[in-house]
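Contents: one structure, followed by commentary.
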Amino acid sequence: MKFRIITVILFCLLLCGCSYTEPDSRYTVTAMGFDRRDGKVTAVLRVIDATKGEQGGSPATFTLTASGKNLREASEKLSESLSKKPSFGHCGLLVFSENCDVEFLNDALSLCEENRISKRARITVCNNVLPLLSYEGLATAEDFVGIIDSAGKKYGVGQHSAFFEIETALLLGEDFALPRFSLSDKVSFSGLLTFEKGQPHRNLNLKEGAEYLKNGRDNL
Amino acid sequence: MGDILEHFTADIKENVRYIENLFEDDCILRKREFSFGGSSACLFYFDGMVNVELINESVLKPLGRVEKIDGKLTIADFTARTLFASEIKVTSLVKDGVSAMLYGDTLLLLENSRLAITVNSKGWRTRGISEPQNERVLEGPREGFDEAAMFNVAMIRRRLQTPDFACEMTRMGRATNTVVFICYLKSLVNRATLRELKKQLDNIDIDGVLDSNYLTEQITRGGALFRKVGSTERPDVVAARLLEGRVAVVVDTTPMVITLPYLFSENFQSDEDYYISPLLASAGRFMRMLCFVLSVSVSAIYLALTTHHFDFLPSEFALTVSVARSGVPFPSVFECLILTLIFEILRETGIRMPQNVGHALSIVGGLVVGQSAVEARLVSAPMLIAVAFSGICGLMVPRLSSAVFFLRFGTIIASAVFGLFGILCLSAMTLIHLLSVDSFGTDATSALRNPSAEGLKDVPVRVSWRKMFTRPPIQSRNVKRKK
């Protein structure tokens with residue numbers, strides 16, 4: 001009987017692991033970004049620390065960055081710099097810089113999958129990742145998603161930007177478009193970055209993007 | 001005390017001396033010596049257990065009027081014919097006479113007779129018929145048992161006015177000699193169950209039986225997580241169960257009557273279910289089933305989600321939990337266990353306290369202490385809500401209170417170690433155990449194991465009496481309830 005009980009407990013431990021972590025001992029990652037410039041890859045995290053912030057008010061949010069030769073190195077450095085265990089399940093936004101090619105996107109998405117980032121996360125691009133994710137007025141992914149959705153209602157754009165859909169498009173080698181943000185005045189949805197044959201093809205401003213989606217690529 | 005006297009002797013003085021010696025340290029034994037028709041007699045009884053007026057009217061007065069004893073009859077026969085009592089017994093055995101006296105009868109010893117007479121003069125005070133506090137109903141009968149087994153059996157018989165009703169008496173407990181009645185309906189009872197019960201009762205060798213639970217624990221085997229024997233304070237419930245082919249055990253000095261076999265589904269039935277509309281009764285049963293599951297799992301699931309599966313939570317909720325937890329000095333699992341324990345203490349105290357104090361305790365315990373603990377950051381508000389909700393759900397199924405108590409702590413520990421997987425494993429183990437529970441030869445979950453349209457009519461739901469054609473699946477000899 002004792003042997004059976006021990007077997008069951010060991011079996012359970014093997015299956016579930018020892019993942020006990022207090023909710024206040026985690027950083028809640030709300031957004032993640034990757035930038036590639038001058039042969040260096042920078043990973044950016046926008047996190048919420050529930051234990052800090054005003055009493056009765058919103059919890060504190062801050063941005064963390066780390067650079068490396070490649071994605072994995074940058075990501076490892078970022079993990080080492082965190083004092084608490086990050087929780088990626090609530091990451092609702094992945095931001096890439098405009099000069100990312102499909103291969104880089106592919107690697108980044110694989111890394112995100114390893115970290116169990118939610119498949120509901122939206123993917124966007126911008127010219128500079130760090131300022132976008134550090135912008136004080138936008139705390140969560142929902143804020144970005146809200147902008148995309150409102151623009152989508154107005155212009156009929158903002159489709160095909162979810163993690164799962166991009167992952168599928170990459171796997172099938174399809175062309176696709178990502179919503180693009182600009183930081184000129186304040187953070188705003190400015191257009192679409194189209195990917196064709198594995199490379200960023202062209203930036204479309206909001207009006208062109210709307211035309212692009214309405215008429216299709218051939219008529220552009 | 002000298003030699004044990006088995007039979008009464010012809011010498012009344014020796015008999016009287018023996019009885020006096022037997023109860024020499026008992027100050028409530030009363031003795032009354034008198035003579036009638038030129039012959040001396042002595043009666044013994046226990047003060048407070050007899051109706052003294054009845055003794056005066058049915059024994060002393062009629063015998064006082066006797067001038068001469070009819071020589072054709074023995075003195076015992078003559079006396080028995082002369083008494084006005086409704087029930088008298090003539091015995092030569094000292095044991096029987098003493099036993100009857102201990103049960104409230106009067107023992108009459110006669111001169112030159114090896115026989116003694118016991119007169120039924122029971123007259124102890126009883127609590128009387130009142131509504132059972134633990135089984136209150138809004139509709140239906142309000143009568144409840146009291147501590148006198150004989151009256152309790154009479155209350156059952158009043159509901160089952162048929163010669164089919166059988167009631168066997170036995171005595172249990174070497175010191176208490178408690179009267180125990182086994183009641184059943186001859187045409188419906190499962191003989192194997194009855195035989196097994198009697199065998200189990202015969203095997204009991206205990207000095208005292210002060211409550212039906214003394215027997216319950218000794219006639220049931222195996223784990224005590226789920227009940228194998230039902231108990232009730234309501235005569236209408238006992239009558240209904242006898243009509244389903246079950247056996248009832250009525251124990252003197254307690255209002256709790258045991259019924260068996262006991263099905264798991266009975267835990268979710270209310271006494272009122274059969275007195276209200278079937279739709280309402282079915283809804284009530286569904287809620288009780290749901291509350292059982294919730295009471296066992298809510299706090300454990302909350303703990304598992306916040307500590308193991310944080311990513312499963314909606315973002316807003318996850319942030320709320322994190323913010324609420326910040327500053328709490330204890331780990332979540334400790335917080336959850338302590339809060340559950342405090343809830344159980346409050347519940348237990350509330351039950352034992354007088355009603356007015358109980359209300360005050362609920363307010364102080366629930367509102368003041370709870371609110372203060374959250375404000376002092378000793379506990380987090382969402383955890384307090386989860387534990388309180390879990391506790392309130394548990395109150396919906398009082399018959400499963402012991403199972404809920406242990407399972408709740410079990411699931412909390414399993415979830416702290418293994419997360420949701422631990423809860424699932426424990427649930428599976430509990431289910432396996434539940435499916436193996438056997439109550440006197442009947443599967444406690446027979447309705448689930450062998451589901452049938454007829455068998456389920458009174459298990460998850462309660463269909464209308466118009467459609468209830470059979471009895472529950474407890475291997476009754478006569479399954480048909482109506483044509």
Side-chain angles (χ1 to χ4, degrees), chain A residues 1 4-5 7-31 46-61 84-93 112 115-122 139-145, chain B residues 223 300 302-336 374-377 379-383 386 410-430 432-433:
Chain A
M1 190 65 186
R4 281 186 196 172
I5 293 169
T7 313
V8 168
I9 291 171
L10 284 176
F11 180 68
C12 292
L13 275 172
L14 282 172
L15 281 174
C16 65
C18 296
S19 57
Y20 184 96
T21 313
E22 294 293 346
D24 52 333
S25 304
R26 296 170 188 265
Y27 282 135
T28 308
V29 178
T30 56
R46 177 80 180 233
V47 296
I48 296 179
D49 186 356
T51 57
K52 291 174 183 164
E54 291 167 17
Q55 184 77 24
S58 305
T61 59
K84 291 181 185 177
K85 189 177 176 181
S87 170
F88 289 99
H90 300 284
C91 178
L93 186 73
C112 292
N115 284 314
R116 292 193 285 182
I117 284 183
S118 170
K119 295 271 180 185
R120 288 178 290 113
R122 293 295 187 102
T140 63
E142 276 71 24
D143 297 331
F144 292 93
V145 174
Chain B
Y302 173 78
L303 185 68
L305 287 175
T306 53
T307 57
H308 284 269
H309 315 281
F310 194 68
D311 297 345
F312 287 10
L313 295 173
S315 300
E316 293 292 325
F317 183 60
L319 280 177
T320 307
V321 169
S322 300
V323 171
R325 267 287 309 169
S326 65
V328 176
F330 309 113
S332 293
V333 57
F334 186 69
E335 186 190 358
C336 188
V374 171
E375 282 177 6
R377 291 266 178 196
V379 293
S380 61
M383 180 66 87
T411 48
I412 289 170
I413 292 165
S415 76
V417 182
F418 305 120
L420 286 175
F421 189 75
I423 299 174
L424 280 176
C425 277
L426 193 74
S427 306
M429 283 193 271
T430 309
I432 290 166
H433 169 69

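Small disclaimer: the values here were computed from a predicted structure and weren't measured. Worth knowing before you read on, the calculation uses all heavy atoms, side chains too, and leaves out hydrogens, waters and symmetry mates.
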(request) Please examine the side chains of B/Ser322 and A/Arg26, heavy atoms only from C-beta on, and report whether any two atoms are closer than 4.5 Å. (result) no
(message) For B/Glu316, is there any backbone N or O sitting under 3.5 Å from a side-chain donor or acceptor partner on A/His90?
(response) no
(message) Looking only at heavy atoms and a cut-off of under 4.5 Å, which of B/Val321, B/Val333, B/Val328, B/Leu424 has the most pairs with chain A?
(response) B/Val333
(request) Quick one: closest heavy-atom pair of B/Arg325 and A/Pro23, and the distance? (result) CG-CG, 3.6 Å
(message) Using modelled atom types and a 3.5 Å cut-off, is there a donor and acceptor pairing between side-chain atoms of A/Glu22 and backbone atoms of B/Ser332?
(response) yes
(message) Looking only at heavy atoms and a cut-off of under 4.5 Å, which of B/Ala304, B/Ser315, B/Gly327 has the most pairs with chain A?
(response) B/Ser315
(request) Would you mind reporting whether B/Leu319 and A/Thr28 have side-chain heavy atoms less than 4.5 Å apart? (result) yes
